[in-house]
There are 2 protein chains.
Amino acid sequence: MLNDLNYKRRAQVLRALGHPSRLAMVEALLQGEKCVCDLHDLVGSDMSTVSKHLSVLRNAGLVDDRKEGLKVYYRLRVPCVAKFFECVDEVLGMGSGQR
Amino acid sequence: MLNDLNYKRRAQVLRALGHPSRLAMVEALLQGEKCVCDLHDLVGSDMSTVSKHLSVLRNAGLVDDRKEGLKVYYRLRVPCVAKFFECVDEVLGMGSGQR
DNA sequence: TGGTTATTTGGCTATACTGCCAACAATATG
DNA sequence: CATATTGTTGGCAGTATAGCCAAATAACCA
């Protein structure tokens, strides 16, 4: 298939966004840097789970982190994902077409 | 967590895009309707696999289908996904941050 | 140093996804 | 009707993902 590696990388980025908790975290990060503890409060699952979700986002290239004292702050690397939310909601707004 | 169902639905849409073959198919569909056979030629995997990928996209609300004679034609329901490709490539363009 | 807080990592089980094959359904054509 | 063509569905084996706990790391403070 045409340029397989490129599609794999792109898919990795989108798959990283394909989880409710990670989506919620990314949306929160649109407003600015958050520490893991903030995101932990947001999504409610175990801290270790949150940490693993964040590493999925990091490996996909979507976020970056920075340590300050005990806390680790994550930030979005790419503002354009904001548009994803609008478009995804447009998809959902038409009725999902589920069969 | 805040409005769990909404995040689940959104995640479903993004996860549907999170596969190399499905991405390639969606990109092809940006140029217009294609039959399953066209997409089969494009991605190269078994027809049944292609069909299942298409049903993932359909269940996510991303595509619609139409039967004409023996052939089934799929089309994108939402043009805005075109922008996803630009943004995703922007993510990749910065170096993926893989650790 | 010893203790506390914030986060990551390892390991495990449960669940979901992928991709192939075989079987089935629907439509066209001889 | 028999047969070919186009897709879909069921089922299975292999792989990946999710989420929890426990243990490890790192930075801070007494």
Side-chain angles (χ1 to χ4, degrees), chain A residues 1 4-5 7-26 28-29 33-60 62-75 97-99, chain B residues 1 4-5 7-26 28-29 33-60 62-75 97-99:
Chain A
M1 197 180 64
D4 209 12
L5 179 59
Y7 282 107
K8 270 189 193 159
R9 292 230 182 97
R10 290 175 182 173
Q12 185 190 12
V13 173
L14 290 159
R15 212 168 43 237
L17 291 169
H19 186 286
S21 303
R22 292 197 294 263
L23 263 188
M25 294 193 283
V26 168
L29 290 175
E33 255 188 0
K34 306 268 182 228
C35 67
V36 181
C37 48
D38 291 335
L39 299 168
H40 173 236
D41 291 347
L42 176 69
V43 306
S45 35
D46 195 90
M47 179 83 93
S48 70
T49 300
V50 173
S51 179
K52 281 177 184 178
H53 280 312
L54 286 167
S55 86
V56 170
L57 293 173
R58 187 175 355 87
N59 287 331
L62 285 162
V63 301
D64 220 342
D65 61 324
R66 163 179 84 81
K67 186 152 191 174
E68 185 178 314
L70 280 176
K71 297 188 176 177
V72 177
Y73 290 91
Y74 280 81
R75 62 171 172 272
Q98 201 103 18
R99 280 200 184 158
Chain B
M1 199 178 62
D4 210 12
L5 179 59
Y7 282 107
K8 270 188 195 162
R9 292 230 182 97
R10 290 175 181 175
Q12 186 191 12
V13 174
L14 289 160
R15 213 170 39 240
L17 292 169
H19 187 285
S21 302
R22 293 196 294 263
L23 263 188
M25 293 194 283
V26 167
L29 290 174
E33 254 187 3
K34 306 267 181 226
C35 66
V36 181
C37 48
D38 292 334
L39 299 168
H40 173 236
D41 291 346
L42 175 69
V43 306
S45 36
D46 196 271
M47 178 85 92
S48 70
T49 300
V50 172
S51 179
K52 282 179 183 176
H53 280 311
L54 286 166
S55 85
V56 170
L57 292 172
R58 187 177 351 88
N59 286 331
L62 285 162
V63 301
D64 221 344
D65 62 322
R66 166 178 82 81
K67 185 154 191 171
E68 185 179 314
L70 280 177
K71 296 190 176 177
V72 177
Y73 290 91
Y74 280 80
R75 62 171 170 273
Q98 203 102 19
R99 282 202 182 159

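The sequence lines fix the lettering, A, B, ..., with proteins before strands; numbering per chain opens at 1. All values below were derived from every heavy atom in this structure, side-chain atoms included, with hydrogens, water molecules and symmetry-related copies excluded.
Note that the CE atom of B:M25 and the CG atom of B:L62 stand 11.0 Å from one another [nearest 0.5 Å]. Residue B:H40 holds its NE2 atom at 8.5 Å from OG1 of B:T49, rounded to the nearest 0.5 Å. With rounding to the nearest 0.5 angstrom, the CZ atom of A:R15 is 9.5 Å from the CG atom of B:L23. Here CZ of A:R9 is found 11.5 Å from CG of A:D4. Values are rounded to the nearest 0.5 Å. Between the CE atom of B:M47 and the CG atom of B:D41 there is a distance of 8.5 Å, given to the nearest 0.5 Å. Rounding to the nearest 0.5 angstrom, the gap separating the OG atom in A:S21 from the CG atom in A:L54 is 10.0 Å.
Counting any heavy atom pair closer than 4.0 Å across all strands shown, A:H40 reaches no nucleic acid atom.
Atom CG in A:N59 sits about 11 Å away from atom P in D:dT17, given to the nearest Å. Atom pair A:L57:CG and C:dT8:P shows a separation of 12 Å (rounding to whole Å applied). Rounded to a whole Å, the CZ atom of A:R66 is 16 Å from the P atom of C:dA6. Here the P atom of nucleotide D:dA18 and the CE atom of A:M25 are 10 Å apart, to the nearest Å. As rounded to whole Å, 11 Å separates atom P of D:dT17 from atom NE2 of B:H19. The interatomic distance linking A:E68 (CD) with D:dA26 (P) rounds to 19 Å, in whole Å.
Overall bending of the helix from C:dT1-D:dA30 to C:dG30-D:dC1, expressed as the angle between end axes built from five pairs apiece, is 10° (10° steps).
Across all their heavy atoms, A:L29 and A:Y74 have their closest contact at CD2-O, 3.3 Å.
Taking side-chain N and O atoms only, A:R15 has a distance below 4.0 Å to OP1 or OP2 of D:dT17. Put simply, B:R22 has a side-chain N or O that comes within less than 4.0 Å of OP1 or OP2 on C:dT18. For the pair A:H53 and D:dG19, the criterion of a side-chain N or O lying under 4.0 Å from OP1 or OP2 is met.
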- [ ] Would you give a per-nucleotide map of nucleotides 4-9 of chain D, 5' to 3', where B means the base has a protein non-hydrogen atom under 4.0 Å away, S means only the sugar-phosphate does, and - means neither?
- [x] -BSSBB
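Between the side chain of B:S55 and the main chain of B:K52, a donor-acceptor pair closer than 3.5 Å is present.
Between A:L57 and the options A:V13, A:V63, A:D64, a side-chain contact (heavy atoms from CB on, under 4.5 Å) holds for only A:V63.
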